[in-house]
Amino acid sequence: CTFPFVNDPVNIAKNKRVMSINTAMSVDLFGQVAADSMGWTQQSAVGGQLDFVKGAQMSEGGKSIIALASTMEKNGKLESKICLNFPVGTAVTTPRSEVQYVATEYGCINLKHLNMADRVRAMISLAHPAFRDQLTEEAKAHGLILCRSKVCRETRSLHRFCSAAKKPPWKAHGQPACPCPMRKSTF
């Protein structure tokens with residue numbers, strides 16, 4: 001059987017400028033890839049995705065790209081394939097630590113050396129525009145990205161307290177709206 005030889009990242013890396021292009025069913029805001037299952041339902045097999053992701057990056061001049069459409073239609077409704085988190089039971093095919101480039105019809109970004117907040121912002125920028133505000137609000141509510149204004153820096157602990165309580169901080173404390181001027185910004 002040649003599978004263990006062909007899919008060995010070390011053997012893949014022996015070739016120069018390997019371009020690994022894989023797809024995904026969904027990618028979360030940290031860059032984790034779900035390519036073979038959603039929830040408890042397996043849709044396909046893992047194949048050699050992780051092997052080629054690793055091998056391409058080890059290859060001299062190589063690159064690894066996860067390419068996907070930003071949306072899908074389910075029961076006549078448009079849904080984002082870029083999500084805050086996966087449904088319970090979803091297996092991660094490629095962990096965030098191994099993902100290099102992610103590409104949608106809205107761009108292509110190298111996630112490899114980004115910190116977590118910058119990864120979240122980058123993934124939101126790759127989502128369909130109809131879902132960016134929702135993803136931004138979800139990310140802020142869970143403390144994945146914080147506002148950059150002076151007000152928010154001073155109340156950072158307040159943000160974390162409120163996100164743990166599952167309420168945006170401005171609603172939890174009776175304020176009419178988020179005091180941050182970055183609230184509706186795009187990345």
Side-chain angles (χ1 to χ4, degrees), residues 1-15 17-59 61-132 134-136 138-139 141-142 144-145 187:
C1 179
T2 60
F3 180 79
F5 179 82
V6 172
N7 280 31
D8 184 341
V10 173
N11 290 332
I12 294 166
K14 290 178 183 177
N15 299 287
R17 296 180 302 281
V18 172
M19 298 295 285
S20 164
I21 302 173
N22 289 283
T23 193
M25 296 173 69
S26 187
V27 180
D28 75 7
L29 292 183
F30 290 140
Q32 298 182 118
V33 176
D36 60 304
S37 74
M38 290 305 290
W40 300 106
T41 306
Q42 181 148 2
Q43 304 290 331
S44 65
V46 173
Q49 183 175 90
L50 185 57
D51 300 324
F52 278 87
V53 164
K54 287 180 169 186
Q57 291 180 61
M58 291 166 46
S59 167
K63 290 181 174 62
S64 169
I65 302 167
I66 302 293
L68 71 157
S70 66
T71 60
M72 66 176 175
E73 193 172 316
K74 186 175 180 181
N75 299 324
K77 184 180 173 190
L78 196 64
E79 291 187 12
S80 180
K81 292 174 84 175
I82 309 289
C83 60
L84 174 69
N85 58 334
F86 300 133
V88 173
T90 302
V92 173
T93 309
T94 303
R96 67 180 194 237
S97 59
E98 297 294 342
V99 173
Q100 187 176 23
Y101 290 92
V102 176
T104 71
E105 65 272 31
Y106 297 101
C108 181
I109 295 179
N110 185 350
L111 299 179
K112 195 64 177 184
H113 301 290
L114 298 181
N115 65 39
M116 296 309 282
D118 288 341
R119 280 174 168 258
V120 169
R121 286 186 189 92
M123 290 305 301
I124 291 170
S125 76
L126 294 176
H128 188 284
F131 297 99
R132 290 180 188 166
Q134 174 190 341
L135 289 167
T136 300
E138 289 173 347
H142 287 83
L144 304 180
I145 55 175
F187 304 101

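Throughout, residue positions are numbered sequentially from 1 according to the sequence presented. Any value given below was found using the heavy atoms of this structure, including those in side chains, with hydrogens, waters and symmetry copies removed.
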Do Ile124 and Ile82 come within less than 4.5 Å of each other through their side chains, counting heavy atoms only?
no

The side chain to side chain donor-acceptor pair (under 3.5 Å) partners of Glu79 (sequence neighbours excluded) come to none

Is there a side-chain contact between Val33 and Val102 (heavy atoms, below 4.5 Å)?
no

Are any non-hydrogen side-chain atoms of Val120 and Met116 less than 4.5 angstrom apart?
no

Close side-chain approach of Leu50 to Pro95, heavy-atom, < 4.5 Å:
yes

Pairs flagged by ring-ring contact (aromatic ring centres under 6.0 Å, His included) wherever residues 67-92 is involved - sequence neighbours left out
none

Min side-chain heavy-atom separation Asp28-Val92 under 4.5 Å:
no

Show, in sequence, the C-alpha distance, side-chain angles and deciding distance for Leu29 and Arg119, and conclude whether the side chain to side chain contact (heavy atoms under 4.5 Å, CB included) test is met.
CA-CA 7 Å; Leu29 292 183; Arg119 280 174 168 258; over 6 Å; no

Quick note, side chain to side chain donor-acceptor pair (under 3.5 Å) partners involving residues 81-95, not counting sequence neighbours, are Asp36-Thr93, Gln49-Thr94

Candidate pair Phe52 and Asn7, rule side chain to side chain contact (heavy atoms under 4.5 Å, CB included), full reasoning:
CA-CA 7 Å; Phe52 278 87; Asn7 280 31; 3.7 Å; yes

Please name the pair of heavy atoms, one in Lys112 and one in Val99, separated by the smallest distance, quoted to 0.1 Å.
CD-O, 3.6 Å

What is the minimum heavy-atom distance between Val18 and Ser59, and which atoms define it?
N-OG, 3.2 Å

Given the rule in the side chain to side chain contact (heavy atoms under 4.5 Å, CB included) test, do Ile65 and Met19 qualify, once you have shown the distances and angles that lead to the verdict?
CA-CA 8 Å; Ile65 302 167; Met19 298 295 285; 4.1 Å; yes

Trp40/Val88 under side chain to side chain contact (heavy atoms under 4.5 Å, CB included): CA gap, chis, key distance, verdict
CA-CA 7 Å; Trp40 300 106; Val88 173; 3.9 Å; yes

Nearest-0.5 Å distance that lies between atom CD in Glu98 and atom CG in Asp51
10.5 Å

I need the Gln100 CD to Ser20 OG distance, nearest 0.5 Å.
9.5 Å

Using every non-hydrogen atom in the two residues, find where Glu105 and Ser70 come nearest and quote the distance to one decimal.
OE2-OG, 2.7 Å

Least distance between heavy atoms, Pro87 atom then Met38 atom:
CD-CE, 3.6 Å

Heavy-atom closest pair, residues Ala24 and Ile66:
CB-CG2, 4.0 Å

Across all chains, not counting sequence neighbours, the side chain to side chain donor-acceptor pair (under 3.5 Å) partners of Thr71 are none

Is there side-chain contact between Arg96 and Leu111, with at least one heavy-atom pair below 4.5 Å?
no

Do Leu68 and Thr104 make a side-chain contact, defined as non-hydrogen atoms from C-beta onward lying under 4.5 Å apart?
yes

Give me each pair satisfying ring-ring contact (aromatic ring centres under 6.0 Å, His included) with a member in residues 96-118, each pair once, sequence neighbours excluded.
Tyr106-His128

Would you say Ile12 and Met58 make side-chain contact, with heavy atoms under 4.5 Å?
no

Closest non-hydrogen atoms of Ala127 and Leu135, given as atom of the first, atom of the second and distance, are CB-CD1, 3.6 Å

Using side chain to side chain donor-acceptor pair (under 3.5 Å) as the criterion, list what pairs up with Asp8, not counting sequence neighbours.
none

Point-to-point distance, once rounded to the nearest 0.5 Å, from CE of Met123 to CG of Leu144
12.5 Å

